[in-house]
Amino acid sequence: MSTATAFLDIALIVAFVALAIGQLLCVVRLFRGPTSGDRVLALDTLVINAIGLVVVLGMTQGVKVYFEVSLLVAMLGFVSTVALARFMLRGDIIE
Amino acid sequence: MTLQIVATYAAAVCLLIGSAFVLIGVIGLLKFNDPMTRLHAPTKVGTIGIGMLLLAAMLVAAAEGDPSAHELLIMAFLFATAPVSAHFIAKVAIHQQSCEAPPPPPRDDTWSTLNSPDRKMAEGPASGAP
């Protein structure tokens, strides 16, 4: 059992590092993005990777409330992506 | 006891696979050189990566003795909303004509996002309307 939990700890650290590097590369695309659609896509990817970070944090600390947090982040990310895309399509969010 | 060990190992492997998928998706977002091509990488690969992370969370919760199905809800929500947001971002790319040439619409149709009644769009190079 101890080797299994040690392997799980190493996998958790690897997941944290990979998600953090992913967030940094997303920020690079957010600043470099030539079109505004790329910037919206980078923001959407940032939110989805933040859901992964929250899930891995909940696995590390063993707290159940992080799953409600990640569900809220997912809903907010989807609504904000659609609102930004609507604003770029129409110049207005609610017609 | 041994089932617990197998679930812990499976959760660790799912974590490694999920983080690798997420990282590959973000590298694709950074390295591709066309807005439509860039749309492919994070919206598919990244969604699968988050799904694997949630599967790992379910396996860890089952190994610790209290299995939960909350993660299935997040997974279903993500898998349902990722194509919708990708569709909206693709519509933005077609609408602003930032992609090289949108694929030709069938027969004598036009792209419905380009002929909105209240806005006059410039004629794209590949719009098939006469």
Side-chain angles (χ1 to χ4, degrees), chain A residues 1 3-12 14-19 21-26 28-29 32-38 40-42 44-46 48-49 51-53 55-56 58-59 62 64 66-68 70-71 73-75 77-79 81-82 84-91, chain B residues 1 4-9 11-16 18-20 22-23 25-27 29-30 35 38-39 41-43 46-47 49-50 53-54 56-57 60-61 63-64 66 68 70-71 73-74 77-78 80-82 84-93 95-96 98-99 113 116 118-119:
Chain A
M1 191 64 197
T3 40
T5 46
F7 186 38
L8 183 63
D9 286 342
I10 293 173
L12 281 171
V14 168
F16 269 126
V17 171
L19 284 166
I21 292 173
Q23 297 284 68
L24 286 178
L25 297 183
C26 271
V28 170
R29 175 51 76 192
R32 269 179 50 187
T35 68
S36 51
D38 285 327
V40 177
L41 182 61
D44 188 45
T45 313
L46 271 176
I48 290 180
N49 287 355
I51 297 167
L53 269 178
V55 168
V56 176
M59 285 172 68
K64 285 291 177 190
Y66 281 113
F67 296 117
E68 277 80 10
S70 56
L71 192 58
V73 170
M75 286 182 180
F78 172 65
V79 170
T81 302
V82 171
L84 273 173
R86 285 293 292 178
F87 181 72
M88 281 165 194
L89 275 175
R90 298 282 181 186
Chain B
M1 190 61 187
Q4 203 173 349
I5 295 175
V6 169
T8 309
Y9 272 118
V13 170
C14 280
L15 263 180
L16 291 180
S19 50
V22 167
L23 201 55
V26 175
I27 288 172
L29 170 71
L30 195 62
R38 248 176 250 142
L39 192 55
T43 54
T47 309
I50 299 298
L53 294 183
L54 289 166
V60 164
E64 282 173 353
D66 48 347
S68 68
H70 288 182
E71 293 85 355
L73 193 64
I74 308 171
F77 187 80
L78 269 183
T81 56
V84 180
S85 52
H87 173 76
F88 268 99
I89 296 169
K91 271 180 78 172
V92 168
H95 196 74
Q96 294 181 341
S98 53
C99 53
T113 184
S116 67
D118 55 352
R119 176 178 296 198

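Since this is a predicted model, take the numbers as computed values, not measurements. Naming: A, B, ... by sequence-line order, numbering from 1 per chain. These numbers come from the heavy atoms of this one structure, side chains and all, not from hydrogens, waters or symmetry mates.
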State the [atom1]-[atom2] distance between [X] and [Y], to the nearest 0.5 angstrom.
{"X": "L19(A)", "Y": "I51(A)", "atom1": "CG", "atom2": "CD1", "value": "11.0 Å"}
{"X": "L78(B)", "Y": "F78(A)", "atom1": "CG", "atom2": "CZ", "value": "11.0 Å"}
{"X": "D44(A)", "Y": "I48(A)", "atom1": "CG", "atom2": "CD1", "value": "4.5 Å"}

Chain A: which of [options] shares the most heavy-atom pairs with it under 4.5 Å?
{"options": "L53(B), L23(B), T81(B)", "result": "T81(B)"}
{"options": "L73(B), L39(B), V13(B)", "result": "L39(B)"}
{"options": "A56(B), A20(B), G25(B), C14(B)", "result": "A56(B)"}

Counting only heavy atoms closer than 4.5 Å, note whether L12(A) contacts chain B via side chain, backbone, both or neither. both
Measure Q23(A) against the heavy atoms of chain B and call it side chain, backbone, both or neither at under 4.5 Å. neither
With side chain to side chain contact (heavy atoms under 4.5 Å, CB included) as the criterion, how do M88(A) and K91(B) come out once you've worked through the C-alpha distance, each side chain's angles and the decisive distance to 0.1 Å? CA-CA 10 Å; M88(A) 281 165 194; K91(B) 271 180 78 172; over 6 Å; no
Counterpart residues, ring pair (Phe, Tyr, Trp, His ring centres under 6.0 Å), relative to Y9(B) (two or more places apart): F7(A)
What residue, out of V40(A), V56(A), L71(A), has the most heavy-atom pairs lying under 4.5 Å from chain B?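 Result: the option with the highest number of such pairs is L71(A).
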With a 4.5 angstrom heavy-atom cut-off, is it the side chain or the backbone of I74(B) that approaches chain A, or both, or neither? both
The interface call for F77(B) against chain A, heavy-atom contacts under 4.5 Å, is side chain
List the residues meeting side-chain contact (heavy atoms from CB on, under 4.5 Å) with T45(A), not counting sequence neighbours, and say none if there are none.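 If we apply the side-chain contact (heavy atoms from CB on, under 4.5 Å) test to T45(A), skipping adjacent residues, the hits are C26(A), L41(A), N49(A), V26(B), L29(B), P42(B).
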